[in-house]
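Quick notes on the structure that follows.
Residues take their numbers from the sequence shown, with the count starting at 1. Since this is a predicted model, take the numbers as computed values, not measurements.
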Amino acid sequence: MLRPVKILLSTTCLATRCCSGFVSRIRYMNRLKEDDESCAAALPNGRMFLFHRMSPLLQRTEQGTFRPAALITSDVQSILERLGSDRALLKESVLIGCSEQNQAQFCLDVGELDQAAVEEECGGNFIDLRKAFFLLTGAEAPLVAKGQALLRWHQTNRFCSATGLPTKRNQAGSQRVCSSSGIIYYPKMSPVVIVLVSDGKRCLLGRQSSFPRGMYSALAGFCDMGETVEEALSREVAEEVGLEVQSVSYSSSQHWPFPHSSFMIACHASVNPAHSQLDVDHSELEDARWFSLEEITAALQVKTPPRRGDAPVLWLPPKHAVAHRLITEWTDRQRRRNEGD
């Protein structure tokens, strides 16, 4: 009678040990967000990601790739002092993460300092985040995106929407409070549906005029108040390209810092191939086209954006973007289907 209980306890202990690192990190992060003293104590030994007017600081590696510059806080403090900045600027840093070794990670915007001087001190360059997303190859891109989103949120939420009085942030930057009304404000994301539509043999991609030259992506749009994901997705497809969606399947989700912190809900959708004629709303999209598996496969091999004067070439969103994941999922699915045939 006791043996099954012993096996159960052993399995439970093993599971606890396997996930203890993750649980420890999450609980440590929560303590830093909830307790100002703990966060302040973690700051001097933390890592700092710098921004200059919302552009992250990147460094080129020996391999020619780029990575965010993760500086030791004490080094940042020395740099600020050499450049004549008030060391109190460090208190404006925002908690964005925690390493596997439980080292707190912060971000700080030094837009008040001379950009070139900071770049020289740090051995890197401040690069617009949209461009940086095409340069970053590691897992740091989501961390940089989170940093910019939080910095921007603090920049645009300095006053209470109910009283008009200034709000005060906590040490971690995870909330702001109105000193008069006591209303607590938390960073928010706007829900956006992003969908890759297929007619069974082709996938549909569109582009906006603001996109880099040659780039096409999955269709996307903000969810309206009261809509479900399925309703928002069907409406966006109907509005932008004049198609009626038949079925929807969920893929994944992602935080996206543009235009002002979006929560991307990624889905696949199918339409009847007999009713796949596009009626593009050019007030929404510059262009939309059906692409074959061969065209998408070739586009996935393109590593750099087309230069001015080059022949037009299909260019897809960066690997960090959930749109890229949708496209690769569709490509893999089509290949398996063709192999089965």
Side-chain angles (χ1 to χ4, degrees), residues 28-29 31-62 66-99 101-133 135-136 138 140-159 166-177 187 257 260-261:
Y28 178 59
M29 272 285 292
R31 185 165 71 250
L32 297 184
K33 289 191 291 186
E34 296 296 328
D35 184 61
D36 286 352
E37 291 185 1
S38 295
C39 188
L43 180 59
N45 299 315
R47 288 280 179 173
M48 188 73 67
F49 294 81
L50 294 184
F51 290 74
H52 190 277
R53 297 179 182 175
M54 300 302 163
S55 293
L57 180 68
L58 303 188
Q59 293 175 330
R60 186 186 291 270
T61 67
E62 294 180 356
F66 288 84
R67 67 182 181 189
L71 308 174
I72 300 174
T73 301
S74 58
D75 291 340
V76 174
Q77 181 175 319
S78 298
I79 291 172
L80 294 178
E81 291 175 352
R82 285 198 296 272
L83 296 178
S85 175
D86 185 349
R87 61 186 303 173
L89 180 61
L90 278 177
K91 295 182 179 180
E92 297 299 316
S93 60
V94 176
L95 178 70
I96 56 174
C98 177
S99 71
Q101 293 73 37
N102 278 9
Q103 184 180 36
Q105 298 163 321
F106 298 85
C107 64
L108 176 67
D109 195 290
V110 293
E112 67 179 35
L113 301 179
D114 180 71
Q115 178 177 333
V118 179
E119 290 176 336
E120 183 177 356
E121 287 278 354
C122 299
N125 295 99
F126 291 104
I127 298 176
D128 179 81
L129 187 59
R130 289 184 184 272
K131 182 178 180 181
F133 264 28
L135 298 175
L136 295 173
E140 302 97 338
L143 195 63
V144 172
K146 179 179 180 180
Q148 196 224 48
L150 285 171
L151 289 171
R152 188 179 297 280
W153 180 79
H154 281 286
Q155 186 184 74
T156 57
N157 286 269
R158 297 185 182 277
F159 298 91
T167 57
K168 183 179 179 181
R169 50 163 285 180
N170 63 344
Q171 181 66 44
S174 59
Q175 60 180 249
R176 299 188 72 94
V177 181
H260 295 292
S261 201

* Counting only heavy atoms not in Arg67, do more than 12 sit closer than 6.0 Å to its CZ atom? -> no
* Around atom CD of Glu120, are there more than 12 heavy atoms of other residues, nucleotides or ligands at under 6.0 Å? -> no
* Please step through side-chain contact (heavy atoms from CB on, under 4.5 Å) for the pair Val94 and Arg169, ending with a clear verdict. => CA-CA 10 Å; Val94 176; Arg169 50 163 285 180; 3.8 Å; yes
Give a yes or no on whether the backbone of [Y] and the side-chain of [X] come within a donor-acceptor separation of less than 3.5 Å.
X	Y	answer
Asp36	Ala40	no
Asp35	Arg31	no
Gln103	Asn45	yes
Asp128	Ser55	no
His154	Arg176	no
Gln59	Cys122	yes

So do the side chains of [X] and [Y] get within less than 4.5 Å of each other, counting heavy atoms only?
X	Y	value
Leu108	Glu92	yes
Val118	Phe126	yes
Thr156	His260	no
Phe66	Pro56	no
Leu90	Val76	yes
Asn102	Cys98	yes
Ile79	Arg82	yes
Leu95	Met29	yes

Nearest-0.5 Å distance that lies between atom [atom1] in [X] and atom [atom2] in [Y]:
X	Y	atom1	atom2	answer
Ile96	Gln148	CD1	CD	11.5 Å
Glu112	Arg53	CD	CZ	10.0 Å
Leu150	Ser93	CG	OG	11.5 Å
Asn170	Lys33	CG	NZ	10.0 Å
Ile127	Leu58	CD1	CG	4.5 Å
Glu119	His52	CD	NE2	8.0 Å

* Please assess Ile72 against Arg47 for the test side-chain contact (heavy atoms from CB on, under 4.5 Å), listing each intermediate value before the final yes or no. => CA-CA 5 Å; Ile72 300 174; Arg47 288 280 179 173; 3.7 Å; yes
* Leu151 vs Cys107, side-chain contact (heavy atoms from CB on, under 4.5 Å): CA-CA, chis, key distance, verdict -> CA-CA 8 Å; Leu151 289 171; Cys107 64; 3.7 Å; yes
Shortest non-hydrogen contact from [X] to [Y]?
X	Y	value
Cys39	Ala172	SG-CA, 3.7 Å
Ala104	Leu32	CB-CD1, 3.8 Å
Phe51	Gly147	CZ-C, 4.1 Å

